[in-house]
Amino acid sequence: QVQLVESGGGLVQAGGSLRLSCAASGRTFSMYSMGWFRQAPGKEREFVAGISTWSTTTYYADSIKGRFTISRDNAKNMVYLQMNDLKPEDTAVYSCAARLPGGDAYRDYEYTYWGQGTQVTVSS
């Protein structure tokens, strides 16, 4: 089992940056592909970024491509989301999630374990 705890959210002005962190418990972290999702009020949860077990492959939603970067440190059981040039439409609760390799990285139903989420608010 994997437990995930996000941190790093907050209030930032448009054009600013934030770095989200996700701490994972357990000795098997490197077995899991990881993803970041977000959900804005009144909207469905959407995929943001994903990364394979040893960082060989990354995936990004078109809406954030070129602005956000996902990374992981298996030695520290951590996954990160660096968010630059933030826009008001990036405002949402951001959650990290873990899945075993295989399946569709872009689909939330592929992910088994979820964190509680961290709020990101971007003011205009």
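Here, residue 1 is the first one in the sequence, and each next residue gets the next number. The basis for the numbers below is simple: all heavy atoms, side chains too, and nothing from hydrogens, waters or symmetry mates.
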Q | Spatial distance of atom CZ (Arg38) from atom CD (Glu46) [nearest 0.5 Å] | A | 4.5 Å
Q | Residues, nucleotides or ligands: over 12 heavy atoms within 6.0 Å of Gln119 CD | A | yes
Q: Please report the C-alpha distance between Thr112 and Tyr32 in whole Å, then the side-chain angles of each, then the deciding distance to 0.1 Å, and finally whether the side chain to side chain contact (heavy atoms under 4.5 Å, CB included) criterion is met.
A: CA-CA 10 Å; Thr112 304; Tyr32 291 88; 5.7 Å; no
Q. Is the side chain of Asn74 donor-acceptor paired with the backbone N or O of Phe29 at a distance under 3.5 Å, no angle test?
A. no
Q) Which value, rounded to the nearest 0.5 Å, describes the distance between Glu89 atom CD and Ile64 atom CD1? A) 12.5 Å
Q.
I'd like to check Leu4 versus Met34 (side-chain heavy atoms, cut-off strictly below 4.5 Å). Are they in contact?
A. yes
Q | For the student: nearest non-hydrogen atoms of Ala14 and Ser124, plus distance | A | CB-CA, 4.3 Å
Q | Single hit among Ile70, Thr69, Leu18 for side chain to side chain contact (heavy atoms under 4.5 Å, CB included) with Leu81 | A | Ile70
Q | Euclidean distance, Met31 CE relative to Leu100 CG, rounded to 0.5 Å | A | 5.5 Å
**Q.** Residue pair Ser52 / Ser33: nearest heavy atoms and the distance that separates them
**A.** CA-OG, 3.9 Å
Q. At their closest point, which heavy atom of Ser95 faces which heavy atom of Gly115, and how far apart are they?
A. OG-O, 4.2 Å
**Q.** Gap separating the CG atom of Asn77 from the SG atom of Cys22, nearest 0.5 angstrom
**A.** 10.0 Å
**Q.** Side-chain touch Ser30/Thr53, heavy atoms, less than 4.5 angstrom
**A.** no
(Q) For a ring-ring contact (aromatic ring centres under 6.0 Å, His included) check, start with the C-alpha distance between Tyr59 and Tyr106, then their side-chain angles and the critical distance, and finish with the verdict. (A) CA-CA 8 Å; Tyr59 313 84; Tyr106 296 84; 5.7 Å; yes
Q | Expected output: side-chain Glu110 to main-chain Asp104 donor-acceptor under 3.5 Å | A | yes
Q: Enter the distance from Cys96:SG to Met78:CE here, rounded to the nearest 0.5 Å.
A: 9.0 Å
Q. When you measure from the centre of the six-membered ring of Tyr111, is the NZ or CZ of Arg99 under 6.0 Å away and within 45° of the axis?
A. yes
Q.
Is there a side-chain contact between Val79 and Trp36 in this structure, where contact means two heavy atoms from C-beta onward sitting under 4.5 Å apart?
A. yes
**Q.** Short side-chain to backbone donor-acceptor contact, Glu6 and Gln116, under 3.5 Å
**A.** yes
Q | Considering all heavy atoms, the nearest Asn84-Ser17 contact | A | OD1-OG, 3.0 Å
Q: Could you tell me whether Lys87 and Asp90 have a side-chain N and a carboxylate O separated by less than 4.0 Å?
A: no
Q. With the 4.5 Å side-chain cut-off for hydrophobic clustering, are Tyr80 and Phe68 part of the same group?
A. no
Q) Should Leu20 and Tyr113 be regarded as members of a common hydrophobic cluster, given that ILVMFWY residues are connected when their side-chain heavy atoms come within less than 4.5 Å of each other, either directly or indirectly? A) yes
Q: Kindly assign one of parallel, tilted or perpendicular to the pair Phe47 and Phe37, based on the angle between their ring planes and the thresholds 30° and 60°.
A: perpendicular
Q. Between the main-chain N or O of Arg19 and the side-chain N or O of Gln82, is there a donor-acceptor pair closer than 3.5 Å?
A. no
